[in-house]
Amino acid sequence: MDSVYQYLGDNLWLYGVGTFVVLWTLGWLYRDSLEIEDIKEKYVFVTGCDSGFGNLLCKRLDRRGFRVIAGCLTEKGADDLKRATGPYLKTVLLDVTSTGSIQKAMEYTKQEVEDNGLWGIVNNAGRSLPMGPSEWMRLEDYTSTLKVNMTGVIEMTLTFLPLIKEARGRIVNVASVLGRVAANGGGYCISKFAVESFSDCLRRDIHYFGIKVCIIEPGFFKTAVTSLDPIESELHRLWNQLTPEVKASYGDKYLDKYIQIQRLIMNAVCDSDLSKVTNCMEHALTSAYPRTRYSAGWDAKFGWIPLSYMPSCVIDIGLKLVMPRPAKSV
């Protein structure tokens with residue numbers, strides 16, 4: 001009996017730590033499950049709603065009772081979404097690279113929300129192409145992506161911020177795991193790193209007004225952004241615009257090998273369940289205590305995000321092993 005008491009006494013701190021961890025976890029789960037009230041009186045603006053995450057999110061929010069205003073790039077996208085949702089969902093044509101288009105969308109939203117303010121804005125619109133080796137890009141290849149993914153997010157946020165302040169609402173910015181790990185060239189990774197830093201700065205600047213800023217970091221999902229045909233078409237375009245000297249430095253077979261690896265990666269890691277991302281977006285809008293960051297997808301949680309905390313040399317070596325070697329490499 002004395003040995004039992006001695007064992008318990010020697011290991012009392014372990015029981016204390018274990019009890020604390022269990023209670024903290026239960027408390028966090030309870031707090032995370034709490035939701036806001038009066039959803040049917042709250043307005044949410046979502047960009048990039050023609051397809052993919054934005055389209056699915058609008059349908060989910062509409063079913064929950066939110067007053068959704070969906071920004072669509074095309075008339076067809078807007079019409080298709082209206083036919084698939086209820087009478088309270090409104091659509092507006094929106095090009096996030098156009099200041100005039102953003103201003104018109106804000107004025108329309110202001111009339112819709114009246115004195116309620118805007119509870120949430122989800123900056124979901126984005127583009128990924130062109131992607132490829134950095135040397136293959138021209139300046140306009142970078143800026144075409146940055147205008148949508150970076151400047152578009154910033155301008156949308158700043159333009160709609162007065163309406164969000166009225167409601168003490170939410171700003172939900174869609175970044176990417178490639179905003180944590182720069183795995184390929186082009187404007188996409190650069191723009192998503194910018195979304196991460198803009199969101200962090202914004203969150204720290206405006207929390208005094210009761211506004212929450214949340215970052216969504218999806219892994220790889222089967223959407224228009226990861227469709228193989230446009231990716232391969234852009235790679236061929238980039239290759240064809242190279243000078244003979246640059247092509248010779250990579251070798252004739254480099255493009256084919258690069259495309260094969262892209263196919264292998266996309267087919268292996270892309271998840272078809274888009275709800276893993278929209279669940280995060282929905283939680284950011286409905287939770288009483290939203291999280292600062294949401295990692296969506298198993299590859300994000302157990303691959304990309306842990307990898308982002310490792311030394312740079314680990315990522316460098318990994319990519320060196322996976323990607324093809326140029327013909328004239330040293």
Side-chain angles (χ1 to χ4, degrees), residues 31-32 34-49 53-54 57-58 60-62 64-72 88-126 148-175 194-217 280-294:
R31 187 175 186 268
D32 196 56
L34 297 176
E35 291 194 344
I36 59 172
E37 299 177 349
D38 301 323
I39 282 178
K40 294 184 178 181
E41 298 176 7
K42 297 188 184 302
Y43 290 80
V44 176
F45 193 104
V46 185
T47 69
C49 300
F53 302 136
L57 177 65
C58 286
R60 292 175 63 114
L61 295 179
D62 182 60
R64 289 291 303 267
F66 277 101
R67 301 298 182 95
V68 181
I69 303 172
C72 297
Y88 293 114
L89 183 139
K90 309 293 183 181
T91 61
V92 59
L93 291 181
L94 173 66
D95 177 0
V96 298
T97 67
S98 166
T99 297
S101 180
I102 292 173
Q103 201 65 38
K104 286 181 181 178
M106 189 276 290
E107 293 296 338
Y108 175 84
T109 303
K110 190 174 182 179
Q111 292 178 358
E112 285 291 318
V113 303
E114 296 180 338
D115 296 331
N116 295 297
L118 183 65
W119 172 252
I121 183 170
V122 182
N123 285 308
N124 166 74
V148 178
N149 296 0
M150 183 187 73
T151 310
V153 169
I154 295 172
E155 187 169 6
M156 281 293 299
T157 302
L158 296 181
T159 302
F160 281 77
L161 188 56
L163 298 179
I164 299 168
K165 286 175 76 173
E166 286 182 25
R168 301 175 69 182
R170 309 282 167 84
I171 298 170
V172 182
N173 290 333
V174 180
V195 170
E196 294 271 355
S197 59
F198 170 68
S199 301
D200 282 336
C201 294
L202 184 69
R203 184 183 67 255
R204 291 158 186 158
D205 289 340
I206 65 174
H207 75 276
Y208 301 103
F209 303 107
I211 301 172
K212 303 290 195 302
V213 180
C214 304
I215 305 170
I216 312 295
E217 298 171 332
C280 296
M281 295 173 171
E282 188 176 339
H283 187 275
L285 293 167
T286 60
S287 174
Y289 302 98
R291 307 170 203 169
T292 300
R293 279 179 166 80
Y294 293 83

field: Flag side-chain contact, heavy atom, 4.5 Å: Leu202 against Ile211
entry: no
message: Just so I know, are the side chains of Leu93 and Lys104 near enough to count as touching, which here means a heavy-atom distance under 4.5 Å?
response: no
query: Would a 4.5 Å heavy-atom cut-off, applied to side chains only, mark Thr109 and Tyr43 as touching?
result: no
task: Answer yes or no: is there a side-chain heavy-atom contact under 4.5 Å between Phe45 and Val92?
output: yes
- prompt: Looking only at heavy atoms, which two atoms of Ile69 and Glu112 are closest? And how far apart?
  reply: CD1-CB, 4.0 Å
query: For Leu285, does its backbone N or O pair with a side-chain atom of Trp119 as donor and acceptor, under 3.5 Å?
result: yes
query: Roughly how far apart are Asp62 CG and Leu57 CG, rounded to 0.5 Å?
result: 11.0 Å
field: Sub-4.5 Å side-chain heavy-atom contact between Leu118 and Glu166
entry: no
- request: Please confirm whether the backbone N or O of Val195 pairs with a side-chain atom of Asn173, one donor and one acceptor, at under 3.5 Å?
  value: no
- prompt: Where do Glu196 and Glu217 come nearest, in terms of heavy atoms and distance?
  reply: OE2-OE2, 2.5 Å
- request: Search all heavy atoms of Ala105 against all heavy atoms of Phe160 and return the closest pair with its distance.
  value: C-CZ, 3.9 Å
- request: For residues Val153 and Thr157, report the shortest heavy-atom separation together with the two atoms involved.
  value: O-OG1, 2.7 Å
task: Identify the heavy atoms of His283 and Tyr294 that sit nearest to each other, and give their distance.
output: ND1-OH, 2.7 Å
- request: For the pair Arg170 (side chain) and Cys214 (backbone), establish whether a donor and an acceptor sit closer than 3.5 Å, ignoring hydrogens and angles.
  value: no
message: If I compare all heavy atoms of Val68 with all of Cys58, which pair ends up nearest, and what's the gap?
response: CG1-SG, 3.8 Å
query: Can any side-chain N or O of Ser287 pair as donor or acceptor with the backbone N or O of Ala284 at less than 3.5 Å?
result: no
task: Check whether any side-chain heavy atom of Lys42 sits under 4.5 Å from a side-chain heavy atom of Ile36, and report yes or no.
output: yes
side-chain contact (heavy atoms from CB on, under 4.5 Å), paired with Thr47, selected from Leu94, Val122, Val148: Leu94
